[in-house]
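The shown structure was predicted, so the numbers you read here are calculated from the model rather than taken from an experiment. Reminder, nothing fancy here: chain letters follow the sequence lines and each chain counts from 1. Only this structure's heavy atoms are used, side chains among them; waters, hydrogens and symmetry mates stay out.
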2 protein chains.
Amino acid sequence: MAADGATQRAACGQRRVEGSSRCRDCEIRSRAFCAAFGDAELTALEAVIETISLNANSEVFFEGDTADYIYNVNAGTVKIFKSLQDGRCQILGFPVEGDLLGYPVGDSHTYSAETLTPVRLCRVSRARLRDLASGFPALESKLLEIMAGELAGSQAQMTVLGRKSAPERVASFLVQLSDKSIANGGTGASLSLSMSRHDVADFIGLTAETVSRVLTQLTRDGLIAIPQPYRVDLIRIEALRDLAAAEASI
Amino acid sequence: MAADGATQRAACGQRRVEGSSRCRDCEIRSRAFCAAFGDAELTALEAVIETISLNANSEVFFEGDTADYIYNVNAGTVKIFKSLQDGRCQILGFPVEGDLLGYPVGDSHTYSAETLTPVRLCRVSRARLRDLASGFPALESKLLEIMAGELAGSQAQMTVLGRKSAPERVASFLVQLSDKSIANGGTGASLSLSMSRHDVADFIGLTAETVSRVLTQLTRDGLIAIPQPYRVDLIRIEALRDLAAAEASI
DNA sequence: CGTCTAGTTGAATTATATCAATTCACGTGG
DNA sequence: CCACGTGAATTGATATAATTCAACTAGACG
């Protein structure tokens with residue numbers, strides 16, 4: 001469904017820059033950093049933003065690249081990850097619509113970003129954004145809020161990676177996707193995955209085989225159902241939450 | 001050296017509030033968020049900050065507590081961590097002098113904080129800080145910069161926890177401490193640990209026994225020396241870096 | 001001088017990784 | 001429309017890194 005084979009290099013032709021967009025009409029603006037801008041400032045924002053379309057499996061940027069731009073995901077799913085020398089990979093997250101890609105601080109990107117599905121992005125020059133920000137303190141507030149949210153998420157994921165068992169990790173991952181789906185207006189009961197088992201494994205610190213085994217076991221136990229490989233129905237979501245939430249309930 | 005036995009609850013008497021401090025004379029101001037304030041604004045800051053002294057092994061706050069204050073570590077070492085229901089623990093970091101404790105966003109603390117050594121803290125009411133911030137946009141910039149640094153650190157640690165072997169984890173930890181020591185003006189060759197083997201284990205996702213075994217092996221291999229349990233000399237630091245840096249060198 | 005805790009070391013266990021077939025889903029081309 | 005080929009997912013057998021359980025050692029402190 002999502003992956004279509006060869007991880008072909010994103011030729012320039014694949015990266016269609018579609019010119020300035022009309023932020024006024026943007027459906028996800030309220031969820032993105034652009035929410036910081038009032039109607040009055042939108043014109044300035046529109047002049048600075050470009051929309052880009054990418055195929056599945058194309059890179060957006062690499063770790064270490066000069067960070068001239070930051071991006072907002074408009075549609076589709078991206079994976080952001082760090083690579084080790086011998087090919088090991090740690091996926092840091094799966095940004096979707098409304099999520100920020102790249103950080104407003106620092107000279108170079110601290111992770112690589114690659115699309116999992118066809119993706120539409122808004123691209124903003126960091127230099128221009130900085131110019132804008134000087135006039136709108138609300139923007140830095142919003143960015144601070146976003147970064148704090150990401151930091152809290154990273155720390156929760158550190159707990160998953162450092163201290164949870166394989167079934168707990170898988171359950172945590174599913175519950176997390178479910179919550180995100182609910183936040184975006186879905187029911188959270190039926191998930192459409194846009195990443196492979198291997199990507200799931202690289203996110204929660206396991207191997208693809210172990211992820212597969214755990215999913216099979218969860219299916220046998222009646223906690224989930226997998227009608228198609230890229231679809232997961234959460235049947236007994238409270239049981240999944242219990243498994244995931246080895247966390248102390250505050 | 002650091003731990004002195006029972007994790008006694010911090011009685012109120014141990015939390016000595018010493019009143020307002022003179023930020024002007026603060027030696028670590030340049031390294032803390034207060035660096036955002038110019039000489040002119042320091043008076044306002046001084047009126048809002050309180051200095052607090054804590055014994056070793058006292059809690060600063062718990063995960064879930066209402067976050068009325070944020071803190072700056074002035075001296076000593078703190079551990080910040082998340083707990084699971086059954087007692088498992090993931091340590092997120094070991095803030096030292098100049099580091100921020102608690103985040104300027106969100107209603108409650110997302111982790112617990114406990115001192116490892118005697119600690120001096122600056123405490124600022126978040127409400128008052130917010131008032132100050134409205135006048136000084138530089139403060140939010142500084143906080144954004146700090147949060148971005150912490151986020152990058154968390155993501156690096158995710159890679160350690162998700163994808164590295166036990167020796168690589170220990171080496172990563174030692175190199176990280178060494179770099180921090182260098183950044184603070186030390187040589188980075190001789191480390192004074194303020195945390196137990198168990199705390200190290202809870203930070204890098206291992207058990208205390210495994211940490212101990214790896215340290216013994218690194219000693220046998222001549223990469224480090226451990227003259228006292230809480231002191232580690234890095235003998236062949238390049239070899240340690242190689243071991244730690246399974247990371248792709250950009 | 002004895003007690004207590006942290007640390008180290010050893011032996012046995014186990015969860016997960018690794019290696020190796022199958023099976024499955026899906027797009028392609030006949 | 002169906003056979004085929006391809007990559008992903010699943011399943012099984014085995015290996016192994018790290019944990020667990022347990023004993024022992026060494027400082028620290030009363």
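- Atom-to-atom, CD1 of Ile226(B) to C1' of dG7(C) comes out at 10 Å; the value is rounded to the nearest Å.
- Between Thr216(B) and dT9(C), a side-chain N or O to OP1/OP2 separation shorter than 4.0 Å is present.
- Within the structure, a side-chain polar atom (N or O) of Arg197(A) is placed less than 4.0 Å from OP1 or OP2 of dT10(D).
- Rounded to a whole Å, the CG atom of Leu218(A) is 12 Å from the P atom of dT10(D).
- Proximity of the aromatic rings of Phe81(A) and Phe62(A) is defined here by a centroid distance below 6.0 angstrom, and this criterion is not met.
- Between Ser212(B) and Pro227(A), the residue anchored closer to the 5' end of DNA chain C is Ser212(B), taking for each the nucleotide with the nearest heavy atom.
- Between Tyr230(A) and the phosphate of dA9(D), there is a side-chain N or O to OP1/OP2 separation shorter than 4.0 Å.
- In this structure, Gln217(A) atom CD and dT11(D) atom P are separated by 10 Å, rounded to whole Å.
- Regarding Leu215(A), its CG atom lies at a distance of 10 Å from the P atom of dT11(D), rounded to whole Å.
- Going from atom CG of Asn57(A) over to atom C1' of dG7(D) covers 12 Å, rounded to whole Å.
- In this structure, Phe94(B) has its ring center under 6.0 Å from that of Phe203(B).
- The number of heavy-atom neighbours closer than 6.0 Å to CD of Glu27(A), taken from other residues, nucleotides and ligands shown, is 12 or below.
- Taking only distance into account, the side chain of Arg213(A) meets the base of dG12(D) through a donor-acceptor pair shorter than 3.5 Å.
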Tabulate atom names and distances for all N/O pairs under 3.5 angstrom spanning the protein and nucleotides 15-17 of chain D.
none

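- Between the side chains of Ser178(A) and Ser181(A), no donor-acceptor pair is found at a separation under 3.5 Å.
- Taking atom CZ on Arg220(A) and atom C1' on dT10(D), their separation rounds to 10 Å, with Å as the unit.
- The stretch residues 82-92 of chain A has no heavy atom under 4.0 Å from DNA chain D, so no residue of it qualifies as close.
- For DNA chain D, the residues of residues 198-210 of chain B within the heavy-atom distance limit of 4.0 Å (strictly under) are Gly205(B), Leu206(B), Thr207(B), Glu209(B), Thr210(B), sorted by number.
- Here the P atom of nucleotide dA6(C) and the CG atom of Leu116(B) are 13 Å apart, to the nearest Å.
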